[in-house]
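Below is one structure; the comments refer to it alone.
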Amino acid sequence: MPAEPTDRDLILETLRGESRAFGTLVGRYLRPSLAVAWEYAPALDDAEDLVQEAFHRALRSLRRFDTRKPFAPWLFTIVRNLGRNAAARDARWGGEAVPEDLAARSDPQREVENAEIRDRIEEALAALPPMQRSCFRLCQVEGFESHEVAEMLGIGAATVRTHVHRARAALQDALSALREERNA
């Protein structure tokens, strides 16, 4: 069975004009890029737009990329920078997230409770420092291992585990406050 091509191999193939190689890189990093972008975007569509722009910029700048270095941290830096710029632009121009479609629900009371829980989780996530949020989403939501996230974000695996632990603690605090309110 042939070995999976490395990121470096795929980059070199892309630079030689083989477009399917870049498609393989996109497939490899699409989900983690979305998780990073979602930290800065108010909705999934916005996160997808950020990721698409990040891949376009990465492709345009690939000739300047140092192939001796890992690709993932470079790509995620592009995603984070685009996200920060978009968030700053939205804040400056008063951009707001478009509310999700509110379809008819079979159990309105349950939906209200679920919405409250989702709101508390989103508030707690939004209150986290960006790196904690990214590490939490990549590990806990996307299912990556701490060493994989460390490579993606250009930090140590122990640092990733620390960020995830702190994010979990903050989320538990937010949800325990909700639990106490309901039990009161």
Side-chain angles (χ1 to χ4, degrees), residues 7 10 19 22-61 71-108 110-146 148-155 160 163-164 166-175 178:
D7 290 351
L10 294 169
S19 60
F22 194 73
T24 302
L25 273 174
V26 169
R28 191 175 283 177
Y29 291 107
L30 183 61
R31 284 185 61 206
S33 295
L34 260 175
V36 172
W38 211 346
E39 300 305 322
Y40 302 95
L44 180 59
D45 289 345
D46 297 321
E48 289 170 343
D49 290 345
L50 285 173
V51 169
Q52 183 176 4
E53 178 61 24
F55 279 115
H56 281 276
R57 287 192 185 191
L59 181 59
R60 286 193 310 263
S61 302
F71 176 74
W74 181 70
L75 174 64
F76 295 131
T77 298
I78 294 170
V79 173
R80 282 193 305 272
N81 287 342
L82 286 169
R84 286 184 193 117
N85 291 345
R89 185 177 51 251
D90 288 348
R92 185 172 45 250
W93 295 103
E96 294 182 21
V98 177
E100 294 179 17
D101 181 34
L102 300 175
R105 313 276 187 206
S106 60
D107 183 1
R110 183 77 169 158
E111 286 302 316
V112 167
E113 291 171 3
N114 288 343
E116 188 175 358
I117 291 169
R118 276 193 306 275
D119 289 347
R120 288 287 178 98
I121 290 171
E122 286 301 318
E123 287 172 12
L125 281 171
L128 294 174
M131 190 59 75
Q132 276 184 21
R133 215 175 20 245
S134 293
C135 290
F136 179 82
R137 283 205 188 197
L138 288 168
C139 289
Q140 300 300 302
V141 177
E142 296 298 327
F144 289 99
E145 298 291 327
S146 57
E148 294 171 311
V149 174
E151 185 179 320
M152 290 175 197
L153 300 179
I155 59 177
V160 169
H163 284 312
V164 169
R166 289 179 181 163
R168 252 194 231 127
L171 290 172
Q172 286 173 346
D173 287 347
L175 293 178
L178 178 62

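Residue numbers run from 1 in the order of the sequence given.
Scanning both residues, L75 and A54, for their nearest heavy atoms gives CD1-O, 4.3 Å. Nearest heavy-atom pair across R133 and L128 is NH1-O, 2.8 Å. The shortest heavy-atom contact between W74 and A58 is CH2-O, 3.5 Å. Closest approach of V164 to C135, counting heavy atoms only: CG2-O, 3.6 Å. The shortest heavy-atom contact between P73 and E151 is CG-O, 2.8 Å. In terms of heavy atoms, A124 sits closest to A170 at CB-O, 4.5 Å.
Separation of atoms OG (S33) and CZ (F55) is listed at 4.0 Å; rounding is to 0.5 Å. Atoms CZ and CG, from F76 and L138 in turn, are 6.5 Å apart once rounded to the nearest 0.5 Å. Atom-to-atom distance recorded for Y40:OH and N81:CG is 8.0 Å, nearest 0.5 angstrom. Rounding to the nearest 0.5 angstrom, the gap separating the CG atom in L25 from the CG atom in L10 is 4.5 Å. Expressed to the nearest 0.5 Å, how far CG of L50 lies from CZ of R80 amounts to 13.0 Å. Put simply, CZ on R137 and CG on L125 are 5.5 Å apart, with the number rounded to the nearest 0.5 Å.
Between S134 and E39 the shortest side-chain heavy-atom distance falls below 4.5 Å. At a threshold of 4.5 Å between non-hydrogen side-chain atoms, the residues L34 and L44 count as touching. Looking at H163 and V149, their side chains never come closer than 4.5 Å, going by heavy atoms from C-beta outward.
Within the 3.5 Å criterion, the main-chain N or O of E145 finds a donor-acceptor partner in the side chain of E148.
Residues satisfying the ring-ring contact (aromatic ring centres under 6.0 Å, His included) test with F22, not counting sequence neighbours, are none. In this structure E53 satisfies the side-chain hydrogen bond (donor to acceptor under 3.5 Å, both in side chains) test together with R57, sequence neighbours excluded. In terms of the side-chain hydrogen bond (donor to acceptor under 3.5 Å, both in side chains) criterion, residue partners of S146 (sequence neighbours excluded) are, by chain and number, R161.
Of the residues L153, T77, L82, the one that meets the side chain to side chain contact (heavy atoms under 4.5 Å, CB included) test with V36 is L153.
The environment of R28 atom CZ is dense: over 12 non-hydrogen atoms of other residues, nucleotides or ligands sit within 6.0 angstrom.
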